[in-house]
A.B. asks: 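One structure, as structure tokens, below. Some questions next.
Numbers here are sequence positions counted from 1.
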Amino acid sequence: MAFETARVPTENGAKYLQQLCKHWSHKLDVQLSENEGIVRFPAAVATMTADSEALTVKVEAKDDETLQRMKGVVASHLDRFAFREAPLPFEWSKG
């Protein structure tokens, strides 16, 4: 499995996390709590945790090509919900 993580500065991380997980829960397997969400896509898993300063997003995929595509999917969807702050500054790193 390949994975990358981004810590995105925002005071609204919990709000965006809730909105995004509820959006995807109509079609995907989603686990959601107040400050954490896990979304299982067919070929990837996105884990998101929020604190008062940031939203941390980890995307895991079966290969690097899928990882790169799914990072874009997650980031673009988050930017839609965070339209007042978009584009959010995603700085992805391995590990």
A.B. asks: Between atom OG1 of Thr66 and atom CG of Asp63, what is the distance when rounded to the nearest 0.5 Å?
C.D. replies: 3.5 Å
A.B. asks: What's in the same ILVMFWY side-chain cluster as Val45, cut-off under 4.5 Å, chained through other members?
C.D. replies: Ile38
A.B. asks: Taking the side chain as everything from C-beta on, heavy atoms only, tell me whether Lys71 gets closer than 4.5 Å to Trp92.
C.D. replies: yes
A.B. asks: Suppose we screen for side chain to side chain contact (heavy atoms under 4.5 Å, CB included). Which residues come up paired with Pro42, at least two apart in sequence or across chains?
C.D. replies: Leu28
A.B. asks: Determine the minimum heavy-atom distance between Ala14 and Ala50, stating which atoms define it.
C.D. replies: N-CB, 3.3 Å
A.B. asks: Can Glu60 and Glu4 be said to form a side chain to side chain contact (heavy atoms under 4.5 Å, CB included), step by step?
C.D. replies: CA-CA 7 Å; Glu60 298 175 74; Glu4 289 189 33; over 6 Å; no
A.B. asks: State which residues pass side-chain hydrogen bond (donor to acceptor under 3.5 Å, both in side chains) with Thr47; sequence neighbours excluded, sorted by chain then number.
C.D. replies: none
A.B. asks: Any idea which heavy atoms bring Met48 and Leu20 closest together, and the distance?
C.D. replies: SD-CD2, 3.8 Å
A.B. asks: How long is the straight-line distance from CD of Glu91 back to OG1 of Thr5, given to the nearest 0.5 Å?
C.D. replies: 13.0 Å
A.B. asks: Would you tabulate the side-chain donor-acceptor contacts of residues 52-59 under 3.5 Å, counting partners in other chains and residues two or more places apart, or write 'none'?
C.D. replies:
unit_1	atom_1	unit_2	atom_2	d
Thr56	OG1	Arg7	NH1	3.3

A.B. asks: Which pairs count as side-chain hydrogen bond (donor to acceptor under 3.5 Å, both in side chains) when at least one residue sits in residues 25-35, sequence neighbours excluded?
C.D. replies: Gln31-Arg40
A.B. asks: So, Lys15 and Gln18: side-chain donor and acceptor under 3.5 Å apart, yes or no?
C.D. replies: no
A.B. asks: Would you mind writing out the side-chain donor-acceptor pairs for residues 76-87 within the sub-3.5 Å range, not counting sequence neighbours?
C.D. replies:
unit_1	atom_1	unit_2	atom_2	d
Ser76	OG	Gly72	O	3.1
Ser76	OG	Val73	O	3.1
His77	ND1	Val73	O	2.9
Asp79	OD1	Leu88	N	2.8
Glu85	OE1	Thr10	OG1	3.1
Glu85	OE2	Thr10	OG1	2.8
Glu85	OE2	Asn12	ND2	3.1
Glu85	OE2	Tyr16	OH	2.5

A.B. asks: Looking at every non-hydrogen atom in both residues, tell me the closest pair between Phe90 and Ala6 and how far apart they are.
C.D. replies: CD2-CB, 4.0 Å
A.B. asks: Inspect the surroundings of CD in Glu11 and state if more than 12 heavy atoms from other residues, nucleotides or ligands are less than 6.0 Å away.
C.D. replies: no
A.B. asks: Closest heavy-atom contact between Cys21 and Leu32?
C.D. replies: CB-CD1, 3.8 Å
